[in-house]
Amino acid sequence: MNTFQSYLKKLSFTIIFLLTLTAVINALVDPFELFGSPKIEGFNRLKPEYHKHVRMIKAHQVRLRKPEVLIIGSSRAELGLDPDHPALMKADSVSYNLALSSANIYEILRYIQHAHAVNPLKQVVIGLDFFMFNINKLNEPDFDETRIAPNNRGWHKDIVNSFLSIDGLSASVSTLTKQNATPVSHYMPNGFKDDSHHWNAIQKKGGHRKATINNESYTLKALDGFVFFTTHNNNRKSPTYEHFKQILVFCKTNHIDLRLFISPEHARKLILMHTIGLWGVYEDWKLTMTQLIESNTPSYSLWDFSGFNQITTETFPVLGDKKTEMRWYWESSHYKKETGDIILSKLLNKDETVKNKYPNFGILLSPQTIESKFELDREQLEAYIERNPKIIEEIKKMMADTSSIRKRLISQNKQFEPIVYFRLKSSKDKKVQMNVRMHLIS
């Protein structure tokens, strides 16, 4: 009996010791930046596990930093919009980049509400992306409703897990052992994704053009890409537009200076959308947002930085070129900080020099002017297609290369309806549609 009691005491002591040691290590290393531990060069300054837990970390950073000025959107805004840009509202206000990779519009709504509940917001800048409004795009796996306001129950679990869990300890070990490795992604304290090593990552992918082909191919074979894209359900109702409307009304009700803009995808990405029959849906998306703003919050406005202009038509290096670096883009989906700086300057009307230098980059949309913008975009689309037959060939190859994966995806997800282009059965019909939509495809 005494032997058994002695064993239990030793076991209890060992468990307590290991838990205490785990908590101390995790608190000192702070792999998820939840405890505000000092960042020491060569010890824990780099956080290699950050990108795997962005939604958790940024939710808690909002509690710690209490920002009044917010930048939010997808990874495009995360990588391209600097929250320390001088055009943003300052005057002692704390600014933070709360953008989330692959965020849908509901996640944007909830994180704005969360930030405002923590500390009243003065200004919010939202980078709007077409894919955010796909009703078949589910919340990302690391999105947890319970950790953000007004729920506020789950963040205690995050803290405990980060202190005492094996996952937390594993993240601490990863942090300690990867301080000398070249970081693929590194986040600054203000939430902005540091791009200082991004060029190295692009080179490893084969250069700008190869990285673009990889990115665009993903949209043709992934569940959250273009295959099942729709903004409305079978009853012609759109929860995503309703969430957008909620953002407008929430900001207006709380007297928040809301700045909205459509992200500048590279022109070749627009060709891809046109090819698979989404151009009309893309135009309808812009029109619907413009109408919602006009009818609910006319004091707000929407800027469109997409289209065909001196920024979005930047020439790509040839396939295989890993040395030539582009000025405005990482690939066709993600723009650089230099592009983001121009967006913020024009959006916030702070720099006349920038406005004059890039007059066609950024157009203010309204119900009265949007049709003329559509007509101009259609004309410029056709002209861009004629000038870039190589892009057309690459799109054709991407479509062929992703065909088998896409067919399997469709067969495995019968609860979703693929877009019309991918519902066509015969290759002949596909060729007919492609010729109608883009007379240079075949």
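The structure displayed is predicted, hence computed values, not measured ones.
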Test side-chain contact (heavy atoms from CB on, under 4.5 Å) applied to Thr240 and Asn134, step by step: CA-CA 7 Å; Thr240 52; Asn134 180 4; over 6 Å; no
Would you please indicate if the ring centroids of [X] and [Y] are separated by under 6.0 Å?
| X | Y | result |
| --- | --- | --- |
| Phe361 | Phe305 | yes |
| Phe316 | His266 | yes |
| Tyr384 | Phe308 | yes |
| Trp285 | Phe244 | no |

Between [X] and [Y] (side chain of the first, backbone of the second, donor and acceptor by atom type, cut-off under 3.5 Å), is there such a pair?
| X | Y | value |
| --- | --- | --- |
| Asn97 | Phe192 | no |
| Asp129 | Phe131 | no |
| Asn104 | Glu107 | yes |
| Asn309 | Ile311 | yes |
| Arg76 | Glu265 | no |
| Lys237 | His232 | no |
| Asn26 | Ser162 | yes |
| Gln123 | Leu88 | no |
| Asp82 | Asp84 | yes |
| Thr369 | Leu365 | no |

salt_bridge([X], [Y]) N-O dist < 4.0 Å:
| X | Y | answer |
| --- | --- | --- |
| Lys157 | Asp144 | yes |
| Arg209 | Glu394 | yes |
| Glu33 | Lys58 | no |
| Glu49 | Lys52 | yes |
| Arg387 | Glu382 | no |
| Glu140 | Lys137 | yes |
| Glu216 | Arg268 | yes |
| Asp257 | Arg259 | yes |
| Lys337 | Asp195 | no |

Derivation and outcome, salt bridge (charged side-chain N to carboxylate O under 4.0 Å, His left out), residues Lys373 and Asp304: CA-CA 10 Å; Lys373 174 67 165 62; Asp304 186 1; 3.4 Å; yes
Nearest atoms (heavy-atom pairs only) where Tyr96 meets Gly191: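 Closest pair (atom of Tyr96, atom of Gly191, distance): CE1-N, 3.4 Å.
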Contact summary for Arg63 and Ile148, nearest pair of heavy atoms: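 Nearest heavy atoms, Arg63 then Ile148: NH2-CA, 4.3 Å.
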If you measure only the distance, is there a donor-acceptor pair under 3.5 Å linking the side chains of [X] and [Y]?
| X | Y | result |
| --- | --- | --- |
| Ser165 | Asp167 | no |
| Thr324 | His208 | no |
| Glu331 | His334 | yes |
| Asp158 | His60 | yes |
| Tyr282 | Asp377 | no |

Derivation and outcome, side-chain contact (heavy atoms from CB on, under 4.5 Å), residues Met398 and Asp401: CA-CA 5 Å; Met398 282 190 292; Asp401 291 345; 5.8 Å; no
Partner of Leu220 under side chain to side chain contact (heavy atoms under 4.5 Å, CB included), chosen from Val227, Leu272, Thr275: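 Answer after filtering Val227, Leu272, Thr275: Leu272.
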Parallel, tilted or perpendicular: rings of Phe143 and Tyr111 (30°, 60°):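 Tyr111 vs Phe143 ring planes: tilted.
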Nearest-0.5 Å distance that lies between atom CG in Leu121 and atom NZ in Lys66: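 Taking CG in Leu121 and NZ in Lys66, the distance rounds to 13.0 Å.
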Nearest-0.5 Å distance that lies between atom OG in Ser74 and atom CD1 in Ile105: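 With rounding to 0.5 Å, OG (Ser74) is 10.0 Å from CD1 (Ile105).
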Using a 6.0 Å cut-off, check whether atom [atom1] of [X] has over 12 heavy atoms from anything other than its own residue.
| X | atom1 | value |
| --- | --- | --- |
| Lys245 | NZ | no |
| Lys39 | NZ | yes |
| Lys210 | NZ | no |

Chi angles and distances behind the ring pair (Phe, Tyr, Trp, His ring centres under 6.0 Å) call for Tyr421, Phe226: CA-CA 10 Å; Tyr421 182 83; Phe226 290 141; over 10 Å; no
